[in-house]
Number of protein chains: 2
Amino acid sequence: MTTPPGLRERKKQATRAALREAALRLAVEHGPDQVRVEDIAEAAGVSPRTYNNYFASREQAIVAAVTADREERIAAAVAARPAGVRLADAVTDAVVEQCTDTGGHERALLLITTRPALREAYLDTSAGIEPPLTAVIAERLGDAGAHTARVLAASVAAAVRIALEGWLRPAGKEEAAGSTGAGALVLPSGSLPDQLRAALAPLAPAFDAAERRPG
Amino acid sequence: MTTPPGLRERKKQATRAALREAALRLAVEHGPDQVRVEDIAEAAGVSPRTYNNYFASREQAIVAAVTADREERIAAAVAARPAGVRLADAVTDAVVEQCTDTGGHERALLLITTRPALREAYLDTSAGIEPPLTAVIAERLGDAGAHTARVLAASVAAAVRIALEGWLRPAGKEEAAGSTGAGALVLPSGSLPDQLRAALAPLAPAFDAAERRPG
DNA sequence: CAGAATAACTGCGTACACGCAAATTTGCGC
DNA sequence: GCGCAAATTTGCGTGTACGCAGTTATTCTG
């Protein structure tokens, strides 16, 4: 099942990593807006066209450097919990644990999240946790719950996004209150773990119900 | 609160509608890939630059023509339900009701969802239901539940996206089973209402819990 | 180990997205 | 009506995203 990766796959990961790191380094050095994909590609030793085979936008490589392989880490952390604990707790703890660990790039994160485009790209990365989360949740729920697992994983991803938005709201500009109206009155804006737990809490009953039912 | 919209706002909506309809008409006439934003802008009587003031991509205008104002219709449908019914049911019924109504554009939808880029843009529209849904759910849950409302609305949006993906999976190519593995064994692929209800069902416990608790 | 098959890299060309600043249009108080 | 402030439209310029087809590198098969 776990065939040792061949040269091809290793080279691909190396290229991806080189692009990530080059993107972040250049962004920190010259400022996020002064970096073109051409520069990143050159620094990583590939053609600009190849850059776009790995990342669909200029911003993705930069945020990927701080996001790293968060998705797999979350999934692994969930799988590592003993089977006895509540699935909702396992997921919540894993998410908090892995999202808080920025891998020593907190400085870069601050720089990044001030630029709207990068901020948006960073928030979009939360969608990436859905596939691996789906896999581990499905494993816990059994075959009959595969469909449920997908929905729960997507909901978690959405909640993480909301938590991140709330967390770096102070960093960004004050936004238009918009048609939602009431939401603007109180903006708690606690620490990131607090935001994450608060956002995930409403989903706990859904996890409990899924765990209780066979499918 | 409901100030009669001035000339400015009416013109803006008219321009938006003109762009939507022009985009759809040209896409149906010449094929989705043979339409440039320049063509759409010209047909709507505005400059290409103005097109991008209304839509951030070439595909958005086309899909907006079939999506129309689904977001507001869903929110209105939820608000229209009597306060006695379970919130989960109100939301589910409203979503099924409004997502099934394609406004007579089912032919266009079929044409659209065969192109990957348009398919993706169409799926992305489901994210747009979050803000209005947040507002109506927050109204039902009270001020203390504003935060919960946001998470539930985002989860509903994610579930709708999953339902749409499952619905038009037969239309698209067979996709790589990927690391999720188990999910590929059974692909039910029922009707759209079935897909929607199946995707929303796992969230019902979360709605029930939110309704039961004060906040 | 040779040759076929498969996958990745690259250059080119086209269309797109969007920041910016000037020109035009709308709203509003007088 | 008049003129000012705010919002919208527009052209321009730059950088970006990606389909396509050819080349090169890796993997598979006998």
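Lettering of chains follows the sequences in order, A, B, ..., and the numbering in each one begins at 1.
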Student: Within residues 39-68 of chain A, find the residues that approach DNA chain C with a heavy atom at under 4.0 Å, and present them sorted by residue number.
Tutor: A:Val46, A:Ser47, A:Arg49, A:Thr50, A:Asn53, A:Tyr54

Student: Any non-hydrogen side-chain atom of A:Leu164 less than 4.5 Å from a side-chain atom of A:Leu192?
Tutor: yes

Student: Check salt bridge (charged side-chain N to carboxylate O under 4.0 Å, His left out) between B:Glu72 and all other residues, then give those that pass, not counting sequence neighbours.
Tutor: none

Student: Do A:Ser47 and A:Thr50 have side chains that approach each other closer than 4.5 Å (heavy atoms only, starting at C-beta)?
Tutor: yes

Student: For A:Arg107, give me all partners under side chain to side chain contact (heavy atoms under 4.5 Å, CB included), at least two apart in sequence or on another chain.
Tutor: none

Student: Is a side-chain N or O of B:Gln98 found less than 3.5 angstrom from the main chain of B:Ala94, in a donor-acceptor match?
Tutor: no

Student: Output all residues satisfying salt bridge (charged side-chain N to carboxylate O under 4.0 Å, His left out) with A:Glu97, sequence neighbours left out; order by chain, then residue number.
Tutor: A:Arg81

Student: Among residues at least two apart in sequence or on other chains, which ones pass salt bridge (charged side-chain N to carboxylate O under 4.0 Å, His left out) with A:Asp101?
Tutor: A:Arg73

Student: Rounded to whole Å, please give me the gap between CZ in B:Arg10 and C1' in C:dT26.
Tutor: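 So the two atoms are 12 Å apart, to the nearest Å.
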
Student: For the pair B:Thr113 (side chain) and B:Leu109 (backbone), establish whether a donor and an acceptor sit closer than 3.5 Å, ignoring hydrogens and angles.
Tutor: yes

Student: Is it true that, when you exclude A:Gln13 itself, more than 12 heavy atoms of the residues, nucleotides or ligands shown sit nearer than 6.0 Å to its CD?
Tutor: yes

Student: Mind grabbing the angle between the end helix axes of the helix from C:dC1-D:dG30 to C:dC30-D:dG1? Five pairs an end, 10° rounding.
Tutor: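 That helix has its two terminal axes inclined by roughly 40°.
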
Student: For DNA chain C, determine which residues of residues 16-34 of chain A have any heavy atom closer than 4.0 angstrom to one of its atoms, and list them numerically.
Tutor: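 None - not one residue of the stretch has a heavy atom sitting under 4.0 Å from the strand.
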
Student: List, with names and distances, any nitrogen or oxygen atoms from the protein found under 3.5 Å away from nitrogen or oxygen atoms belonging to nucleotides 21-24 of chain C.
Tutor:
none

Student: Table please: side-chain donor-acceptor pairs of residues 125-132 of chain A below 3.5 Å, with sequence neighbours left out.
Tutor:
residue, atom, partner, partner atom, Å
A:Thr125, OG1, A:Arg70, NH2, 2.8
A:Thr125, OG1, A:Tyr122, O, 2.5
A:Ser126, OG, A:Leu123, O, 2.7
A:Glu130, OE2, A:Arg150, NE, 3.1

Student: Measure from the side-chain N and O atoms of A:Glu120 to the backbone N and O of A:Pro116, and report whether any donor-acceptor pair falls under 3.5 Å.
Tutor: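 No; zero donor-acceptor contacts below 3.5 Å.
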
Student: Quick one: does B:Leu87's side chain get under 4.5 Å of B:Leu141's, heavy atoms only?
Tutor: yes

Student: Would you call A:Arg58 and A:Asp39 a salt bridge, taking side-chain N to carboxylate O under 4.0 Å as the test?
Tutor: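 No.
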
Student: Can you run down the salt bridge (Lys or Arg N to Asp or Glu O under 4.0 Å) pairs that involve residues 9-27 of chain A, sequence neighbours left out, and say none if there aren't any?
Tutor: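 Qualifying pairs: A:Arg25-A:Glu29.
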
Student: Enumerate the residue pairs fulfilling ring pair (Phe, Tyr, Trp, His ring centres under 6.0 Å) with a member in residues 55-79 of chain B, sequence neighbours excluded, ordered by first and then second residue.
Tutor: B:Tyr51-B:Phe55

Student: One character per nucleotide, please: for nucleotides 21-30 of chain D, 5' to 3', B when the base has a protein heavy atom closer than 4.0 Å, S when only the sugar-phosphate does, - otherwise.
Tutor: ----BBS---

